[in-house]
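It should be emphasised that the depicted structure is a prediction, and the values quoted were computed from it without experimental measurement. We use all heavy atoms of the structure for the numbers below, so side chains are in, but hydrogens, waters and symmetry mates are not. Numbers restart at 1 for each chain; the letters A, B, ... are given by sequence-line order, proteins then strands.
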Amino acid sequence: MRELINEILSLVAPKLQSLGFEEGTWERLVGPSTVSGSLSDVAMPCHSLSPAMRKSPLDIATEISSEISDCLEGIADVSSLNGFVNFSATESWLSTRVENLAPDSRLGVSLDDQRVIAVDYSAPNVAKEMHVGHLRSTVIGDAIVRMLEFKGHIVHRENHVGDWGTPFGMLIEHLLDIGEGEVAGEKGISDFDLFYKQARTKFDENPEFAERARSRVVKLQSEEEETLRLWNVLVNVSTNYFNEVYSMLGVLLTDEDLMGESAYRHLLPNVVDRLTEIGILENSDGADVVFLGGNWVNRDGEPFPVMIRKADGGFNYSTSDLACIIDRVERLGCDDLLYVVGTPQKQHFEMVFEVAKRSGFMNQEHRAVHVNFGSVLDSDGQMLKSRKGQNVKLVDLLREAVTRAELSISEKNPDLSGDERKNVARMIGIGAVKYSDLSSDRTKDYVFDWDRMLSFEGNTAPYLQYAHARICSIFSRSGIGRESTLGTRIQLNTPEERALAKTLVTFPEAVDYSTAGLYPHRLCTHLHSIASSFASFYEVCHVLDEDDEVKSSRLAMCDLTARALSLGLGLLGIDCPERM
RNA sequence: GCCCCCGUAGCUCAGUCUGGACAGAGCAUCGGACUUCUAUUCCGCUGGCCGCAGGUUCGAAUCCUGCCGGGGGUGCCA
């Protein structure tokens, strides 16, 4: 309703000024109505004006209401209640807004001033399985990328895979033990958990192996040719596997976006040099660290440092993240750095960002944000595990989603078969998993529940997808083309049509609100209210058996609704089938 | 110990940034609606000391303080 608010503000300003309301004292009071129902769309509480005006809020509201209602003729109906001035959009204002939306492929969503933004997300580890933990980062990050791109920004997807470090000594030696041929080419590693665990066990229990692993780390770090080649075998097998998962999930990540830890290894000494030059690096117990002071203390109450170089000369992830910041700011020219990483790493990012600011790696113009998210829990509130108590493999989870969706649709719509059924099952199953993740506040933990996410009722992907499919069905059954609705006069004769129109007209602000805060669930909430108001509309407002004017108006509303759902779900990385 | 986050209907969640009207959805329960563009859905009923206690304010789920309960972080893993 921000457009209505803007119109109200500009139209009533002269009148209020003549009534003695000083400029700057009342404008911010005008906002979206907080009361449910059809009482009003926009409201202005007058209570805070009471002392200065030396009148009761009720009197002020009544006076304003009667004085300004003429200024808003045809735009909003004005009334007052309980000291609030209430503005209710007129049918003609609403229908004009809907008509203006129709020809716009962006459905009214504007472009922002362009920024260059790096979004760091997914980040699985080479030679390790992808678990549910990676699901949230991948799904949330991908939605944020899509939303930011749609708003006109230049987005660099950054998949900061864990492809470097001491574990690779044992992993490479284990690879040699089982034979390179066993994992080469198409074969791949069938069980990454097992592969990693076997390497780990040998490292812990077999001194000879541990020694080989340690010397292999040295060779890797000195970039010995054969060792790098073996390392690459592991990297390739893993990234092929990641790509399979990404393709199943339907996310944007490709090999182009891979920018693993190894890519920054040559920059690490540079980080140390620059920190030394600035003079904030200190030696503590043999390690090079930065002390930030403030509230950062360890469990003994002593200053807690950012570890830059360990006592053994090795680097760890703070250094790598600082190198990343330098690279993204200086090479890619990023304005914003977003990190879609779990909440437990909050303190880490706060400290790294602080070091980067103090060291001049970022300046006031740069915005670094830890886009944090909570854990995935089961219905008992525990971290989600498989029946055997293992971490749930992401591929298994995705396969189960599709299987469950296919089961559900073959029950509900036996007409769908073959490839179409498979395809629809994929869209519904994957969409359900993504949507259930995206639809609640990412910063909180969320409860994973198959039955709820795959339900056709409630705030779920299938419910939104079904609304979309119903609309497609109207057009395909009637043989009327979607484009024929362009330029149609909109009539909003029933409460259901008006309610639907309001959700469509406020779609752009929902997208903006969601994108600005990097909170996909805000868009989900709005899409659900579109689908829900459409369902009510659909129940009451027949389309095809009406006379021409009503019919074409309603067809246009249907078309817009479908486009809003499809565009909105698209921004979340979710497909909508035309039949389901 | 210190720091951070969470606590809203039986369940899952919005709303907290930027204070406004009787705190909203969905699910579940219960009661209704299928010769239809539609039941893969819709309509209605029921359901709340917004963790507790103070404070600020004309007005607090929202801001401040202190508690209680749960979770996370707290130097050479990432």
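Checked for salt-bridge contact, A/Lys197 and A/Asp193 miss the test: no charged N lies under 4.0 Å from a carboxylate O. A salt bridge between A/Lys502 and A/Asp41 is present, with a side-chain N of the basic residue lying under 4.0 Å from a carboxylate O of the acidic one. We find that A/Arg328 and A/Asp120 are joined by a salt bridge, their nearest charged nitrogen and carboxylate oxygen being less than 4.0 Å apart. Using a cut-off of 4.0 Å between Lys/Arg side-chain N and Asp/Glu carboxylate O, A/Asp547 and A/Lys551 are scored as not salt-bridged. Classification of A/Arg442 and A/Asp437 as a salt-bridged pair fails, no side-chain N sitting under 4.0 Å from a carboxylate O.
Closest-nucleotide positions on RNA chain B for A/Gly314 and A/Tyr538 were compared, and the one nearer the 5' end corresponds to A/Tyr538. Residue A/Arg477 is the one, among A/Arg477 and A/Trp164, whose nearest nucleotide of RNA chain B lies closer to the 5' end (criterion: closest heavy atom).
The residue A/Glu261 sits close only to the backbone: its heavy atoms come under 4.0 Å of sugar-phosphate atoms, none of a base. Across all strands, A/Ala535 comes closer than 4.0 Å only to sugar-phosphate atoms, never to a base (heavy-atom distances). Using a 4.0 Å heavy-atom criterion, one finds that A/Asn82 contacts the bases of the nucleic acid, with or without backbone contacts as well. No engagement by A/Asp312 is indicated, since no non-hydrogen atom pair under 4.0 Å with the nucleic acid exists. In this structure, A/Ser48 reaches the bases: a heavy-atom distance under 4.0 Å links it to at least one base atom across the strands shown. No engagement by A/Ala123 is indicated, since no non-hydrogen atom pair under 4.0 Å with the nucleic acid exists. Among the heavy atoms of the strands lying under 4.0 Å from A/Val447 are primed sugar atoms or P, OP1, OP2 only; no base atom is included. Looking at heavy-atom distances under 4.0 Å, A/Cys46 makes no contact with the nucleic acid at all. Nucleic acid contact for A/Tyr513: base, since at least one base atom lies under 4.0 Å from a heavy atom of the residue. Within the 4.0 angstrom heavy-atom criterion, base atoms lie near A/Ser284. In this structure, A/Asp321 reaches neither bases nor backbone, as no heavy-atom distance under 4.0 Å exists between it and the strands shown. Within the 4.0 angstrom heavy-atom criterion, only backbone atoms of the sugar-phosphate kind lie near A/Lys346; the bases stay farther away. Residue contacts shown for A/Val289 include a base, since a base heavy atom lies under 4.0 Å away. Across all strands, A/Leu81 comes closer than 4.0 Å to base atoms (heavy-atom distances).
Using cut-offs of 30° and 60° on the angle between ring planes, the pair A/His528 and A/Tyr463 is tilted.
Between B/U62 and B/G7, the distance separating the two C1' atoms is 15 Å to the nearest Å. Separation of the C1' atoms belonging to B/C63 and B/G15 is 16 Å when rounded to the nearest angstrom. Separating the C1' atom of B/G48 from that of B/G10 is a span of 12 Å, rounded to the nearest Å. Comparing B/C22 with B/C17, their C1' atoms sit 25 Å apart, to the nearest whole Å. Taking atom P on both nucleotides, B/G66 is separated from B/C4 by 11 Å, rounded to a whole Å. Taking atom C1' in both B/A60 and B/G54, the straight-line distance is 13 Å, to the nearest Å. Of the C1' atoms belonging to B/C3 and B/U40, the separation is 49 Å, rounded to the nearest Å. Across the C1' atoms, B/G73 and B/A61 are found 28 Å apart, a figure rounded to whole Å.
Remark: C1' of B/C37 and CG of A/Asp547 are 16 Å apart, rounded to the nearest angstrom. Rounded to an integer number of Å, the gap from CD of A/Glu578 to P of B/C37 is 20 Å. The distance between atom CG of A/Asp449 and atom P of B/C11, rounded to the nearest whole Å, is 14 Å. As rounded to whole Å, 16 Å separates atom P of B/G20 from atom CG of A/Leu49. A/Asn391 places its CG atom 19 Å from the P atom of B/A78, with the value rounded to the nearest Å. Between A/Leu377 atom CG and B/C11 atom P the separation is 15 Å, expressed in whole Å. Atom P of nucleotide B/C2 and atom CE of A/Met351 are separated by 18 Å, given to the nearest angstrom. Per the geometry, CG belonging to A/Leu454 stands 15 Å off P belonging to B/C27, to the nearest Å.
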message: salt bridge (Lys or Arg N to Asp or Glu O under 4.0 Å), that's the test. Do A/Arg563 and A/Asp559 meet it? Break it down for me.
response: CA-CA 6 Å; A/Arg563 282 161 56 200; A/Asp559 174 62; 3.1 Å; yes

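Of the residues A/Asp321, A/Thr319, A/Leu292, the one that meets the side-chain contact (heavy atoms from CB on, under 4.5 Å) test with A/Val355 is A/Leu292. Residue A/Cys324 forms a side-chain contact (heavy atoms from CB on, under 4.5 Å) with just one option from A/Glu261, A/Glu158, A/His160, A/Met259, and that option is A/His160.
In terms of phosphate contacts, A/Lys310 brings a side-chain nitrogen or oxygen within less than 4.0 Å of OP1 or OP2 of B/C77. Contact annotation: A/Ser536 side-chain N/O to B/C43 OP1/OP2 distance is under 4.0 Å. At B/G7, one or more side-chain N or O atoms of A/Lys444 fall inside 4.0 Å of OP1 or OP2 (strictly under the cut-off). Distances shown here put every side-chain N or O of A/His47 at or beyond 4.0 Å from the OP1 or OP2 atom of B/A21. The side chain of A/Ser440 places no N or O atom within less than 4.0 Å of a non-bridging phosphate oxygen (OP1 or OP2) of B/C13. Residue A/Asn316 places at least one side-chain N or O closer than 4.0 Å to OP1 or OP2 of B/A78.
At least one cation-pi condition fails for A/Arg470 and A/Tyr538: the charged atom is not both under 6.0 angstrom from the six-membered ring centre and inside a 45 degree cone around its axis. Annotation: cation-pi pair A/Arg522/A/Tyr513 present, NZ/CZ under 6.0 Å from the ring centroid and within 45° of its normal. Remark: A/Lys128 fails to qualify as a cation-pi partner of A/Phe192 under the 6.0 Å distance and 45° angle criteria applied to the six-membered ring.
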- request: Could you summarise the pairing of RNA chain B as dot-bracket text, marking Watson-Crick and G-U pairs under 3.5 Å with ( ) or [ ] inside the strand and | across strands?
  value: (((((((..((((......[...))))..((((.......))))......(((((..]....))))))))))))....

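Put simply, the side chain of A/His370 does not reach to within 4.5 Å of the side chain of A/Glu350, judged on heavy atoms. A/Thr494 has its side chain within reach of A/Arg554: a pair of non-hydrogen atoms, C-beta onward, lies under 4.5 Å apart.
Between the side chain of A/Asn413 and the base of B/U40, at least one donor-acceptor pair of N or O atoms lies under 3.5 Å. Scanning atom types as modelled, no donor and acceptor separated by under 3.5 angstrom connect the side chain of A/Arg452 and the base of B/U12. Residue side chain A/Asp451 does not reach the base of B/A28 through any donor-acceptor N/O pair under 3.5 Å, judged by distance alone.
Side-chain proximity of A/Ser40 to B/A21, B/C42, B/G75: nearest is B/A21.
Remark: ring of A/Tyr466 stacked against base of B/U40; centroid gap under 5.5 Å, plane tilt under 30°.
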message: Within the 4.0 Å limit for protein heavy atoms, which parts of nucleotides 59-74 of chain B are touched? Write it as a string from 5' to 3', B for base, S for sugar-phosphate only, - for none.
response: -------------SSB

